[in-house]
Each structure stands twice: as C-alpha cells, then as structure tokens.
Amino acid sequence: QVQLVESGGGLVQAGGSLRLSCAASGRTFSGYAMGWFRQAPGKEREFVAAIRWTAGSTYYADYVKGRFTISRDNAKNAMYLQMNSLDPEDTAVYYCAARRSIVRLTTADEYDYWGQGTQVTVSS
C-alpha cells in the first residue's frame with residue numbers, strides 16, 4: 001500500500017521561502033512519476049511540478065517556474081518542493097501525488113496515490 005505524507009507547510013511572509021517534503025512508502029518508485037499539486041479555497045486543484053522518479057527529469061507550471069524547485073532522494077524515498085519568492089497567490093493546500101506512469105504528468109486525475117495535504121499560507 002503506497003502512502004504519501006507531506007510536511008513542511010506553514011505561514012510565511014511574501015517573498016519568503018518554504019520547503020515541502022513528501023515521505024513515500026509502500027514500494028519502490030522506479031517507473032513512477034511524482035508530483036505536487038495545490039488547491040486554494042474555491043478553486044480547482046492545479047498542477048505545480050512533477051518529477052520522473054528514475055530519470056529525475058522535472059516539469060513545472062509556468063506560474064512557479066523559476067521560483068519553485070522539485071527534487072527527490074531515491075535513498076530516502078522522499079520528494080521535495082523548494083518554494084522561493086512566495087506570493088500570496090501561492091496560498092493553498094499542497095498535495096504530494098504518485099502516478100504509475102511517466103506521461104501525462106500535469107493532470108491530477110491521472111495520479112493514483114495522494115497525500116493528505118499540507119497548508120501553505122503566504123501573508124502580504
């Protein structure tokens with residue numbers, strides 16, 4: 001049973017930084033992709049970033065490109081999202097997700113496993 005547990009959310013001022021972590025367990029993730037999504041109140045869940053677990057290739061939504069960095073640690077079965085230059089528009093619950101494929105990485109419905117989410121609040 002795959003389990004994903006996010007941590008690292010919190011309250012930060014605009015311009016600040018946070019680092020989210022996702023601890024993954026239940027299997028090895030070779031051949032998987034993992035991603036970060038976010039959902040603000042009253043809005044749809046949206047893609048933030050994704051990484052192909054084996055190759056390490058990364059993908060970003062335009063609105064976070066240059067500010068956020070996704071990475072993974074194979075040995076720890078962990079994924080991270082370094083978020084810099086945070087803006088109040090980044091306020092949302094951030095979710096870690098895993099997909100049993102390495103294509104179509106930007107669509108939430110394609111992901112097979114989800115964490116419980118961690119709140120990120122950016123104050124102005």
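Position 1 is the first residue of the sequence, and the numbers go up from there.
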Checklist entry - Would Arg38 and Val93 satisfy side chain to side chain contact (heavy atoms under 4.5 Å, CB included), going step by step from the backbone distance to the final call? => result CA-CA 5 Å; Arg38 68 187 185 186; Val93 177; over 6 Å; no
Next on the checklist: Pair Leu18, Leu86 - check side chain to side chain contact (heavy atoms under 4.5 Å, CB included), show working.
Outcome noted: CA-CA 8 Å; Leu18 280 175; Leu86 282 162; 4.2 Å; yes
Next on the checklist: What verdict does the side chain to side chain contact (heavy atoms under 4.5 Å, CB included) test give for Glu46 and Gln39, after you've listed the backbone C-alpha separation in whole Å, the side-chain angles of each residue and the deciding distance to 0.1 Å?
Outcome noted: CA-CA 6 Å; Glu46 64 181 11; Gln39 187 165 20; over 6 Å; no
Checklist entry - Is there a ring-ring contact (aromatic ring centres under 6.0 Å, His included) between Phe47 and Phe37 once you walk through the steps? => result CA-CA 5 Å; Phe47 171 74; Phe37 289 78; 5.7 Å; yes
Item to check | Worked verdict on Asp87 versus Arg67 for salt bridge (charged side-chain N to carboxylate O under 4.0 Å, His left out) | outcome: CA-CA 10 Å; Asp87 183 271; Arg67 300 189 297 126; over 6 Å; no
Item to check | Trace of the side chain to side chain contact (heavy atoms under 4.5 Å, CB included) decision for Arg72 with Tyr80 | outcome: CA-CA 6 Å; Arg72 54 88 169 101; Tyr80 307 98; 5.8 Å; no
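Tracing side-chain contacts under 4.5 Å through hydrophobic residues (I, L, V, M, F, W, Y), one reaches Leu20 starting from Met34; they form part of the same cluster. Placement of Tyr63 and Tyr94 within a single hydrophobic cluster is found when ILVMFWY residues are connected by side-chain heavy-atom separations under 4.5 Å, directly or transitively. Two different hydrophobic clusters hold Val48 and Val5 under the rule that ILVMFWY side chains link at heavy-atom gaps under 4.5 Å.
Trp53 and Phe29 have tilted rings, their planes meeting at an angle from 30° to 60° on a 0 to 90° scale.
Between the CZ atom of Arg45 and the CG atom of Asp109 there is a distance of 9.5 Å, given to the nearest 0.5 Å. Here the straight-line distance linking atom CZ of Phe68 with atom OG of Ser85 works out to 9.0 Å at 0.5 Å rounding. Separating the CD1 atom in Ile51 from the CE atom in Met79 is a distance of 8.0 Å, to the nearest 0.5 Å. Distance CD/Glu6 to SG/Cys22: 5.5 Å, rounded to 0.5 Å. Note that OG1 of Thr69 and CE of Met83 are 11.0 Å apart. Values are rounded to the nearest 0.5 Å. For the atom pair OG1 of Thr28 and CG of Asn77, the computed distance is 7.5 Å after rounding to the nearest 0.5 Å.
For the pair Cys96/Trp114, no side-chain contact is recorded, criterion being any heavy-atom separation below 4.5 Å from C-beta on.
Taking both residues in full, the closest heavy atoms of Ser124 and Ala14 are given as CA-CB, 4.4 Å, listed atom of the first, atom of the second, then distance. Between Leu105 and Ala50, the closest heavy-atom pair is CB-CB, 3.9 Å. Heavy atoms only, all atoms of each residue included: Tyr32 and Ala98 are closest at CD2-CB, 4.2 Å. Closest approach of Ala49 and Leu81 over heavy atoms only: CB-CD1, 4.3 Å.
Looking only at atom types and distance, the side chain of Tyr111 has no donor-acceptor partner in the side chain of Arg99 under 3.5 Å away. A donor-acceptor contact closer than 3.5 angstrom links the side chains of Arg100 and Tyr113. There is no side-chain donor-acceptor pair under 3.5 Å between Thr91 and Glu89.
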Under 3.5 Å, side-chain donor or acceptor atoms of residues 54-61 against the rest of the protein: list the pairs with distances, not counting sequence neighbours.
residue, atom, partner, partner atom, Å
Thr54, OG1, Gly31, N, 3.2
Tyr59, OH, Arg52, NH1, 3.1
Tyr60, OH, Ile70, N, 2.9

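Between the Thr121 side chain and the Leu11 main chain, no donor and acceptor come within less than 3.5 Å of each other.
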